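Quantities reported herein were computed from a predicted structural model and do not represent experimental measurements.
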Amino acid sequence: MSKDLFAELKFRDPARARALAEALARNVAAIGRPISVMHVCGSHEQAIARFGLRAVLPPELTLIMGPGCPVCVTDGPEVDEAVALATQGVRVCTYGDMMRLPGTARSLADAQADGAKVEIVYSVAQAIEIAERHPADEVVFLGSGFETTAVATAAVALLPLPPNFSILSVHKYVPAAMDVVAGIEVTNIEGYLAAGHAATITGWGIFEPFAARTGSPVVVAGFEPLDILAAILELTKLMREGRPEVFNAYPRCVTKEGNLPAQRSLWKVFRKVTGTWRGIAEVKDGNLDLRPEWAAIDARRRFRIDTAGVRDDAAEEAAKGCICGSIMLGLGVPTDCALFGRTCVPESPVGACMVSSEGQCRIWHTYGGTPDLRKVGT
């Protein structure tokens, strides 16, 4: 048996990276004009910025981040609902990156500072444990994220639950947002990188109708530097050949069908509805709401949520200088924003893109966005 079968997989190999970059340059040169492609994943942007991948891309290729940060697209009024529940005495549990996300005026961190019962959890299962430990409290899990975390929320909804536990869903569905981006002609996006972790659930086949409808190829990508470079290489190959198809560049995790048991759980518990994505627009089928059959654990049906007391028109007006919406649509980059790195920093974010570790402003503030390695040492 060949020992190559047991060779270590390496995804940060400089020699392979150079070879991929050279092949990518040849593809772009063959296309013969400037092109723009978009990835729709905050984890991709983390790797791209951290490892300086834009520095090895041909100058004729523009790599744009789209609405791939679930925290960033959670609308202000949705955060207001959670803040209102917390101020009413409900114990609210959520993921850490949701804590400082501003609503129209206040965040859950603000409510916690004022004495509200707000707790960070690492999973929805941990929120259930908190409900069991505090039977006298109503406990609401603020469920956020795309398909990957929505599946976890759906899984627990199918279990016997404590009577004091309910869910406030602000989960989003990524494929719906890709249609919004594709409809903006000014960005001229010609190809897309899809998130490998979400595709692990949905399968890569879900993007075939989108590719056929828009005439834009889609490549499912992993998250290591070589994963991303290889995926961009395949994407430019499809563009060069004029083939609006889907290519799976993450076969070690993603199949065409995806995780069928997870999908069954997801759609048994949730339904797709039209919802507003912060700074973007109404997105048809972009939000995941609990089905009516799950009304008993749906916080929106279980409580009267009055957000009037937590809204502040003046604070909302002050945040209008933020261009997060344009950034997530590919119409701008963080450095275009007058607030970036000045009044808007991770310690005191004005816009949602500076809050989460998957937000482009936060990532660029941490790593930088478009380093030019040719200037290093000069």
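Phe207 has its ring centre no less than 6.0 Å from the ring centre of Phe247. A ring-centre distance under 6.0 Å is not found for Tyr173 and Phe270. A distance below 6.0 Å separates the ring centres of Phe223 and His44.
Here the side chains of Val181 and Val40 are not in contact, with every heavy-atom distance at 4.5 Å or above.
Applying the side-chain hydrogen bond (donor to acceptor under 3.5 Å, both in side chains) test to residues at least two apart or on different chains, the pairs with a partner in residues 140-169 are Thr153-His171.
The backbone N or O of Ser357 lies less than 3.5 Å from a partner atom in the side chain of Gln46, making a donor-acceptor pair. Checking side-chain atoms of Asp110 against main-chain N and O of Ser107 turns up a donor-acceptor pair under 3.5 Å. Judged by distance alone, with hydrogens and angles left aside, the side-chain atoms of Thr94 form a donor-acceptor pair with the main-chain N or O of Leu142 at under 3.5 Å. The backbone N or O of Ile201 sits less than 3.5 Å from a side-chain atom of Gln263, completing a donor-acceptor pair. Glu78 contributes no side-chain N or O that, together with a main-chain N or O of Thr74, makes up a donor-acceptor pair within less than 3.5 Å. A distance-only check finds a donor-acceptor pair linking the side chain of Gln112 to the backbone of Val118 [under 3.5 Å]. Distance alone, capped at 3.5 Å, is enough to place a donor-acceptor pair between the Arg291 side chain and the Trp267 backbone. At distances below 3.5 Å, not a single donor-acceptor pair connects side-chain atoms of Arg54 with backbone N or O atoms of Ala49. A distance-only check finds no donor-acceptor pair linking the side chain of Asp137 to the backbone of Val139 [under 3.5 Å]. With Arg271 contributing its side chain and Pro292 its backbone, the two residues share no donor-acceptor pair below 3.5 Å.
Atom CG of residue Leu85 and atom CG of residue Asp80 lie 11.0 Å apart, to the nearest 0.5 angstrom.
For Arg304, the CZ atom is loosely surrounded, since the number of other residues' heavy atoms within 6.0 Å does not exceed 12.
Residues meeting the ring pair (Phe, Tyr, Trp, His ring centres under 6.0 Å) test with Phe51, sequence neighbours left out: none.
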| query | Passes salt bridge (charged side-chain N to carboxylate O under 4.0 Å, His left out), Glu293 versus Lys268? Steps please. | reply | CA-CA 9 Å; Glu293 303 94 288; Lys268 184 173 184 178; over 6 Å; no
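Salt bridge annotation for Arg301-Asp289: absent, with no cationic side-chain nitrogen under 4.0 angstrom from a carboxylate oxygen. A salt bridge is absent between Lys117 and Glu138: the closest approach of a Lys/Arg side-chain nitrogen to an acidic carboxylate oxygen does not fall below 4.0 angstrom.
When all heavy atoms of Asp227 and Arg252 are compared, the pair lying nearest together is OD2-NH2, 2.7 Å.
Phe210 and Tyr192 have perpendicular rings, their planes meeting at more than 60° on a 0 to 90° scale where under 30° would count as parallel.
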